[in-house]
J.: 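Can you read through this structure? Questions will come right after.
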Amino acid sequence: MKKKTIVFVTIAVFMTLLLSFFVGSGFQKRTDVVLYDYSLSEDGKELTFYAHVSSSMGYIRGFSDKGGGVNPHYLTFYATFGGFNSSFGAENQFTLELDENDTEIYFNRADGGYELVLQKDAETGEWVRP
C-alpha cells in the first residue's frame, strides 16, 4: 500500500510540474517581437499588423495594450502555451483598435522599456515607421 501511495504522489507531482510548465510558458512576455507589416482599415479605426519574433525559437500568442486615446499604445506580447518552441495558439496577425487621437505605437523590450515602432505623421495623418 505504501508503494502505491509513493508512486501515485510521484506521478501527481510530475504531472503538476509538467502542466505548470506548459501552461505557465504562455504567460511569459516576448520582448523580441518585431513589426513585419501593417495596414490601416478604410475608416482608420483599426490597424492590422503582422509581427514575428526575431529569435529562431518561439511564437507569439497575443498581446495586451496599455494606452491608447490621448496616450500612446504600449503593446506587451506573450509567448504561446506548451513550452519553448510550441506553436499551440500561435498568431502573427493582430488587430489594434485606434482612436483619432492616437499618434504612437510601442513594442515592449527586454530592458523593461518600450520601442517606438509606428507613429502617425502629423502632416499627412498616415502611420509610418520612425
J.: In chain order, what residues pass the side-chain hydrogen bond (donor to acceptor under 3.5 Å, both in side chains) check against S54, with sequence neighbours excluded?
T.: none

J.: Once side chain to side chain contact (heavy atoms under 4.5 Å, CB included) is applied, do any residues pair with T76, and if so which ones, sequence neighbours excluded?
T.: K29, S64, K66, Y78, N108, Y114

J.: Not counting sequence neighbours, which residues clear side-chain hydrogen bond (donor to acceptor under 3.5 Å, both in side chains) with E104? List them please.
T.: Y106

J.: Do L75 and L96 come within less than 4.5 Å of each other through their side chains, counting heavy atoms only?
T.: yes

J.: Under 3.5 Å, sequence neighbours excluded: what are the donor-acceptor pairs made by side chains of residues 43-50?
T.:
from : atom 1 : to  : atom 2 : distance (Å)
D43  : OD1    : S41 : OG     : 2.6
D43  : OD1    : K45 : N      : 3.0

J.: Can you tell me if E97 has over 12 outside heavy atoms packed within less than 6.0 Å of its CD?
T.: no

J.: For residues Y59 and V53: do they belong to one hydrophobic cluster (side chain heavy atoms under 4.5 Å, members Ile, Leu, Val, Met, Phe, Trp, Tyr)?
T.: no

J.: Return the set of residues passing side-chain hydrogen bond (donor to acceptor under 3.5 Å, both in side chains) with D37 (not counting sequence neighbours), or none when no residue passes.
T.: none

J.: Strictly distance-based, threshold 3.5 Å: is any side-chain N or O of Y38 a donor or acceptor partner for the main-chain N or O of W127?
T.: yes

J.: Looking at every heavy atom in both T80 and A90, which two are closest together, and how far apart are they?
T.: CG2-CA, 3.6 Å

J.: Please check: side-chain N/O of R129 versus main-chain N/O of L118, any donor-acceptor pairing under 3.5 Å?
T.: no

J.: What is the ring orientation for F94 with F63, classed by angle as parallel under 30°, tilted 30 to 60°, or perpendicular over 60°?
T.: perpendicular

J.: Please report the closest heavy-atom contact between S55 and D32, naming both atoms and the distance.
T.: OG-OD2, 2.9 Å

J.: Any salt bridge (charged side-chain N to carboxylate O under 4.0 Å, His left out) pairs touching residues 110-125, not counting sequence neighbours?
T.: R109-E115

J.: Measure across V33 and F107 and return the closest heavy-atom pair with its distance rounded to 0.1 Å.
T.: O-CD2, 3.6 Å

J.: What distance do H73 atom NE2 and I105 atom CD1 have between them, rounded to the nearest 0.5 Å?
T.: 6.0 Å

J.: What residues form a side-chain hydrogen bond (donor to acceptor under 3.5 Å, both in side chains) with Y74, not counting sequence neighbours?
T.: none

J.: Could you tell me if the side chain of L40 sits less than 4.5 Å from the side chain of L98, heavy atoms only?
T.: yes

